[in-house]
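Just so you know, these numbers use all the heavy atoms, side chains as well, and skip hydrogens, waters and symmetry mates. This is a predicted model, so every value here is computed, not measured. The first residue in the sequence is number 1, and the count goes up from there.
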Amino acid sequence: QLQASGGGLVQAGDSLRLSCAASGRTFSSYSLGWFRQAPGKEREFAAAINRSGGSTFYADSVKGRFTISRDNAKNTAYPQMNSLKLEDTAVYYCAARVRDTATMKYAEYDYWGQGTLVTVSS
């Protein structure tokens, strides 16, 4: 079971760190993805990390501003979001799949957590 948290209301230019916590003892078996869905838009890929945390990749829209990491001992992943923009406003979801490598394709994830809302104001 995945649980995303850490969302809130911030101003443009601020930083925010989300968390994705998982129950169970198999967290390190999953690669993880972060997706977001803005009002009236389709869900889109934001960032992903492989099982060990040694490989990450990002959507062009967040590259250089977002950093994803994980602590397998704590069963938690952390997307750090810096220099937030108005267009980053969305519900953010974490997802897991039983593969070493992550993917940008949301249909290829096995498990999803409930989202956490991030609102960026001017």
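Hydrophobic cluster membership is shared by Tyr111 and Phe27, with clusters built from Ile, Leu, Val, Met, Phe, Trp and Tyr side chains linked at under 4.5 angstrom. Note on Leu86: it does not cluster hydrophobically with Leu9, by side-chain heavy-atom contacts below 4.5 Å among ILVMFWY residues.
In terms of heavy-atom proximity, Gly7 sits nearest to Thr116 at N-OG1, 3.0 Å. The nearest pair of heavy atoms linking Gln3 to Gln114 is NE2-NE2, 3.3 Å. Taking every heavy atom of both residues into account, Gln37 and Lys41 meet most closely at NE2-O, 3.1 Å. Residues Tyr93 and Gly113 approach most closely at CD2-O, 3.5 Å, considering heavy atoms. The minimum heavy-atom distance between Thr89 and Ala38, with the atom names listed, is O-CB, 3.5 Å. Nearest heavy-atom pair across Ser19 and Pro79 is N-CD, 4.2 Å.
Below 30°, between 30° and 60°, or above 60°: for Tyr92 and Phe66 the angle between ring planes is between 30° and 60°, a tilted geometry. The aromatic rings of Phe35 and Phe45 sit perpendicular to each other, their planes meeting at more than 60°, with 30° as the lower class boundary.
A distance-only check finds a donor-acceptor pair linking the side chain of Ser121 to the backbone of Val10 [under 3.5 Å]. Looking only at distances, a side-chain donor or acceptor of Tyr109 sits under 3.5 Å from a matching main-chain atom of Thr103. At distances below 3.5 Å, not a single donor-acceptor pair connects side-chain atoms of Arg70 with backbone N or O atoms of Gly53.
For the atom pair OG of Ser28 and CG of Asn75, the computed distance is 8.0 Å after rounding to the nearest 0.5 Å. Interatomic distance, Glu44 CD to Met104 CE, rounded to the nearest 0.5 Å: 12.0 Å. Note that the CZ atom of Arg99 and the CG atom of Asp110 stand 6.5 Å from one another [nearest 0.5 Å]. Interatomic distance, CG of Asp14 versus OG of Ser83, reported as 9.5 Å (0.5 Å rounding). Annotation: the span from Arg17 atom CZ to Met81 atom CE amounts to 11.5 Å, rounded to 0.5 Å.
Ion pair Asp88/Lys85 not flagged as a salt bridge, since none of the NZ, NE, NH1 or NH2 atoms sits closer than 4.0 Å to an Asp/Glu carboxylate oxygen.
The closest side-chain donor-acceptor pair between Asn50 and Ser31, if any, does not fall under 3.5 angstrom.
Residue Tyr106 places its OH atom among 12 or fewer non-hydrogen atoms of other residues, nucleotides or ligands, all under 6.0 Å distant. Within 6.0 Å of CD in Glu87 there are more than 12 heavy atoms belonging to other residues, nucleotides or ligands.
Residues Ser55 and Thr101 are not in side-chain contact: their nearest non-hydrogen atoms beyond the backbone lie 4.5 Å or more apart. Residues Leu32 and Cys94 have side chains not in contact (no heavy-atom distance under 4.5 Å, counting atoms from C-beta outward). Ile68 has its side chain within reach of Tyr58: a pair of non-hydrogen atoms, C-beta onward, lies under 4.5 Å apart.
Screening Asp71, Ile49, Leu18 for a side chain to side chain contact (heavy atoms under 4.5 Å, CB included) with Tyr78, the sole residue that qualifies is Asp71.
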**OP:** Could you walk me through whether Val118 and Arg36 pass side-chain contact (heavy atoms from CB on, under 4.5 Å), step by step?
**Re:** CA-CA 9 Å; Val118 174; Arg36 64 186 187 180; over 6 Å; no
